[in-house]
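Structure first, commentary second.
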Amino acid sequence: SDIEYKIVRRNDFRNIFLESVLSAGPREYEKEIGEDIYKRQIEMSAQSRSQFYIARHLHRKKTIYIIQNNIIPIKELYEISDEDLPDFLFIVIAHEMLHALDHQYYDLAKMLQESKNLEDTYARGAVIGGSAAIVTEKIADRLNISKGIYKKSLMLDICMKDEDDPRINEIYDLYYVKGAEFLKAIIDKKGMEGYGSAFLSPPGSTRLIYNPKEYLEEIESPVVDCEVLIKKVIVALPKKEGMRSQTTVTGTTAITSNAPNTNGGV
């Protein structure tokens with residue numbers, strides 16, 4: 001169907017974003033942090049995103065919001081020339097249109113809301129981000145939009161100010177490099193119908209994003225159960241009255257070995 005869009009000011013987007021997320025409520029795994037902390041985190045996220053985004057498709061609203069008064073600050077931050085600005089804005093909007101189209105087929109809001117933990121959320125985000133990266137890269141190549149402008153459009157999508165932060169670089173690599181490679185591997189194996197399978201049966205861990213063969217062949221690797229490990233050590237952690245704890249599953253690591261067991265080695 002037609003894609004709806006609205007041009008809004010920064011503060012308007014902040015309020016729209018805040019209302020959209022809070023109305024959905026926390027995911028099951030987010031409830032343990034407490035309603036007050038959860039709400040504060042969403043408020044901080046809404047504030048920072050409203051000052052950074054030029055365009056954003058809010059899945060629950062089924063609308064692309066364009067924040068016009070962020071264009072010049074982002075242009076200056078990313079050192080985009082007047083000549084390159086139209087290409088940059090075009091590819092940013094194309095990215096959000098791709099999210100809008102994917103949402104019409106796969107309900108991205110539901111897909112993200114149903115994630116079981118933070119690790120699962122990152123894996124699903126990599127499918128969504130990888131999808132947009134594949135398509136917008138092809139568009140950029142076809143229209144002779146430079147690789148630098150294309151990369152900056154992806155940086156904008158995750159509010160990446162520069163390339164020196166290792167944590168945000170990890171997210172960039174997961175979403176737009178490995179996420180794109182994951183989808184390409186599925187398409188190579190299953191054809192174009194495989195594209196939808198990644199959304200309808202999303203991977204539950206980032207390990208599968210980095211190892212698409214395991215996803216395609218449904219290989220189950222032994223994993224370290226970090227929650228069990230935490231239960232073993234939590235008794236020794238210092239506690240004060242009123243403190244709250246939160247358990248987060250992130251960056252799942254599988255340990256396997258096929259080395260011969262010689263001299264007691266593993």
Side-chain angles (χ1 to χ4, degrees), residues 17 21 27 29-30 33 37-38 40-54 56 70 73-80 88 91-92 95-96 99 112 115-134 136-137 140 146-185 198 202-215 221 223-227 229-230 233 237 245-256:
F17 178 90
V21 177
R27 301 175 182 93
Y29 73 89
E30 293 171 319
I33 66 174
I37 296 178
Y38 171 76
R40 180 59 181 153
Q41 288 178 345
I42 300 304
E43 289 173 346
M44 292 171 62
S45 178
Q47 181 67 19
S48 63
R49 290 168 189 252
S50 68
Q51 295 179 13
F52 212 94
Y53 288 149
I54 287 175
R56 193 69 174 181
N70 282 348
I74 294 299
K75 173 182 180 293
E76 294 174 351
L77 176 66
Y78 285 171
E79 298 180 342
I80 297 170
F88 177 71
I91 208 69
V92 166
H95 184 116
E96 297 308 314
H99 286 325
L112 291 170
S115 60
K116 300 177 181 63
N117 50 55
L118 187 60
E119 168 76 356
D120 192 5
T121 300
Y122 280 139
R124 293 174 186 231
V127 172
I128 295 170
S131 168
I134 287 176
T136 53
E137 183 178 29
S146 74
K147 295 288 187 183
I149 291 299
Y150 163 71
K151 182 174 182 177
K152 287 176 180 178
S153 75
L154 298 178
M155 291 171 62
L156 180 72
D157 190 55
I158 53 172
C159 302
M160 186 176 184
K161 293 183 179 180
D162 55 55
E163 301 178 57
D164 296 329
D165 185 334
R167 175 58 183 153
I168 200 71
N169 262 307
E170 183 182 350
I171 298 297
Y172 182 98
D173 182 67
L174 173 65
Y175 281 11
Y176 309 125
V177 179
K178 298 304 180 182
E181 290 175 0
F182 175 83
L183 281 170
K184 287 175 183 176
S205 75
T206 57
R207 175 181 174 82
L208 296 177
I209 297 295
Y210 283 90
N211 299 276
K213 182 179 179 181
E214 293 186 9
Y215 173 84
S221 299
V223 299
V224 175
D225 192 333
C226 297
E227 292 193 51
L229 178 62
I230 289 172
V233 302
L237 297 178
S245 64
Q246 179 185 5
T247 302
T248 301
V249 179
T250 181
T252 301
T253 302
I255 297 178
T256 62

**Prompt:** Can you list the steps and then say if K116 with R27 is a side chain to side chain contact (heavy atoms under 4.5 Å, CB included)?
**Reply:** CA-CA 8 Å; K116 300 177 181 63; R27 301 175 182 93; over 6 Å; no
**Complete:** Separation between CG (L112) and CG (D120), nearest 0.5 Å, reads 9.5 Å
**Message:** Could you check whether K151 makes a cation-pi contact with Y172, meaning its NZ or CZ is under 6.0 Å from the centre of the six-membered ring and within 45° of the ring axis?
**Reply:** yes
**Message:** Looking at every heavy atom in both F182 and P203, which two are closest together, and how far apart are they?
**Reply:** CZ-CG, 3.9 Å
**Asked** Going from NZ on K161 to OG on S48, what distance comes out if it is rounded to the nearest 0.5 angstrom?
**Response** 8.5 Å
**Message:** A side-chain contact here means heavy atoms from C-beta on lying under 4.5 Å apart; do D162 and I168 qualify?
**Reply:** no
**Request:** Indicate yes or no: at least one non-hydrogen side-chain atom of I33 is less than 4.5 angstrom from one of Q41.
**Result:** yes
**Message:** Rounded at 0.5 Å granularity, tell me how far OH in Y78 sits from CE in M155.
**Reply:** 4.5 Å
**Request:** Identify the heavy atoms of M160 and N169 that sit nearest to each other, and give their distance.
**Result:** CE-OD1, 3.3 Å
**Request:** Would you mind reporting whether V21 and Y38 have side-chain heavy atoms less than 4.5 Å apart?
**Result:** yes
**Asked** Of all heavy-atom pairs between C159 and Y53, which one has the smallest distance, and what is that distance?
**Response** SG-CE2, 3.7 Å
**Prompt:** Any idea which heavy atoms bring L183 and G130 closest together, and the distance?
**Reply:** CD1-C, 3.6 Å
**Prompt:** Looking only at heavy atoms, what is the nearest atom pair of S50 and N70, with distance?
**Reply:** O-ND2, 2.7 Å
**Message:** How long is the straight-line distance from CZ of F88 back to CD1 of I149, given to the nearest 0.5 Å?
**Reply:** 7.0 Å
**Message:** For the OG atom of S153 and the CD1 atom of I74, what is their distance to the nearest 0.5 Å?
**Reply:** 12.5 Å
**Asked** Under 4.5 Å between any side-chain heavy atoms of P73 and F52, yes or no?
**Response** no
**Request:** State plainly whether the residues E170 and R167 are in salt-bridge range, i.e. N to O under 4.0 Å.
**Result:** yes
**Request:** Could you pull out the closest heavy-atom pair between T206 and Y122, with the gap in Å?
**Result:** CG2-CB, 3.8 Å
**Message:** Contact between D173 and Y210 at the side-chain level, heavy atoms closer than 4.5 Å - yes or no?
**Reply:** yes
**Item:** From OG (S131) to OH (Y176), nearest 0.5 Å
**Value:** 11.5 Å
**Asked** D157 versus R56: any side-chain heavy-atom pair under 4.5 Å?
**Response** yes
**Asked** So Y29 and S115, side chain to side chain contact (heavy atoms under 4.5 Å, CB included) or not? Walk me through it.
**Response** CA-CA 9 Å; Y29 73 89; S115 60; 3.9 Å; yes
